[in-house]
Amino acid sequence: QVQLVESGGGLVQAGGSLRLSCAASGRTFSNYAMGWFRQAPGKEREFVTAINSNGGSTYYADSVKGRFTISRDNAKNAVYLQMNSLKPEDTAVYYCAARYAPGTWYPIRNHEYNSWGQGTQVTVSS
């Protein structure tokens, strides 16, 4: 499995931006599809976005489409989540996840990923 460490969370006002990073180690990162999930207090972990192993395909939850952008740098073993126009309802712990999947496919469900980071808190104030 690949080890994942998120960073970049924090407190931001509504309408602001944050960029989350996820550093990966332990395996050939370019063979892994990557995803971002989030979990708000009292709620289940939900899918945010995913990207395939070479970065050519991405997918977004409707709630973040047009505001969030996922990207990856396989040379740096990292995946990023640029979050713009943040809303209070975006407040959650954000997790990156990995799944061995060379090619075009990317998972979008919790159980399809088998490596998770520890999470980073994002708080959006109104």
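A quick note: this is a predicted structure, and the numbers were derived from the prediction, not measured. Each residue takes its place number in the sequence, starting with 1.
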Which pair of heavy atoms, one from [X] and one from [Y], lies closest together, and at what distance?
| X | Y | result |
| --- | --- | --- |
| Leu18 | Val12 | CD1-CG1, 4.1 Å |
| Leu11 | Ser125 | CD1-CB, 4.3 Å |
| Ala24 | Val2 | CB-CG2, 3.7 Å |
| Phe47 | Pro107 | CE1-O, 4.2 Å |
| Asn52 | Asn54 | ND2-OD1, 2.9 Å |
| Ala40 | Ala92 | N-CB, 3.8 Å |

- Message: Whether the side chain of Glu6 engages the backbone of Gln118 through a donor-acceptor N/O pair (distance < 3.5 Å, no angle test) should be reported.
- Response: yes
- Any donor-acceptor N/O pair, Arg72 side chain to Phe29 backbone, under 3.5 Å: yes
- Please check if Tyr80 and Val122 belong to a single hydrophobic cluster, counting links between Ile, Leu, Val, Met, Phe, Trp and Tyr side chain heavy atoms closer than 4.5 Å. no
- Following the transitive rule for hydrophobic clusters with a side-chain heavy-atom cut-off under 4.5 Å over Ile, Leu, Val, Met, Phe, Trp and Tyr, establish whether Phe37 and Tyr60 coincide in one cluster. no
- Can you find a pair of side-chain heavy atoms, one from Leu81 and one from Val79, that are under 4.5 Å apart? no
- Message: Can you list everything that forms a side chain to side chain contact (heavy atoms under 4.5 Å, CB included) with Ser17? Sequence neighbours excluded, please.
- Response: Gln82, Asn84
How long is the gap from [atom1] on [X] to [atom2] on [Y], to the nearest 0.5 Å?
| X | Y | atom1 | atom2 | answer |
| --- | --- | --- | --- | --- |
| Trp116 | Leu4 | CH2 | CG | 10.0 Å |
| Ser53 | Tyr100 | OG | OH | 9.0 Å |
| Ser126 | Glu89 | OG | CD | 10.0 Å |
| Gln39 | Gln121 | CD | CD | 11.0 Å |
| Arg27 | Gln1 | CZ | CD | 8.5 Å |
| Gln3 | Asn77 | CD | CG | 11.5 Å |

Is the count of non-hydrogen atoms from other residues, nucleotides or ligands lying under 6.0 Å from [X] atom [atom1] greater than 12?
| X | atom1 | value |
| --- | --- | --- |
| Arg67 | CZ | yes |
| Tyr59 | OH | no |
| Gln13 | CD | no |

- With a cut-off of under 6.0 Å to the ring centre and 45° to the axis, is Arg45 in cation-pi contact with Tyr95? yes
- Yes or no on side-chain contact (heavy atoms from CB on, under 4.5 Å) for Lys76 and Ser21, after CA distance, side-chain angles and deciding distance? CA-CA 11 Å; Lys76 295 183 177 179; Ser21 299; over 6 Å; no
- Query: Does Lys65 come within less than 4.0 Å of Asp62, counting only side-chain N to carboxylate O?
  - Reply: yes
- Between Phe68 and Tyr94, what is the ring plane arrangement, given parallel below 30°, perpendicular above 60°, and tilted in between? tilted
- Task: Tell me yes or no: between the side chains of Tyr113 and Arg99, is some donor less than 3.5 Å from an acceptor?
- Result: no
- Only one of Thr49, Ile51, Val64 passes side-chain contact (heavy atoms from CB on, under 4.5 Å) with Trp36; say which it is. Thr49
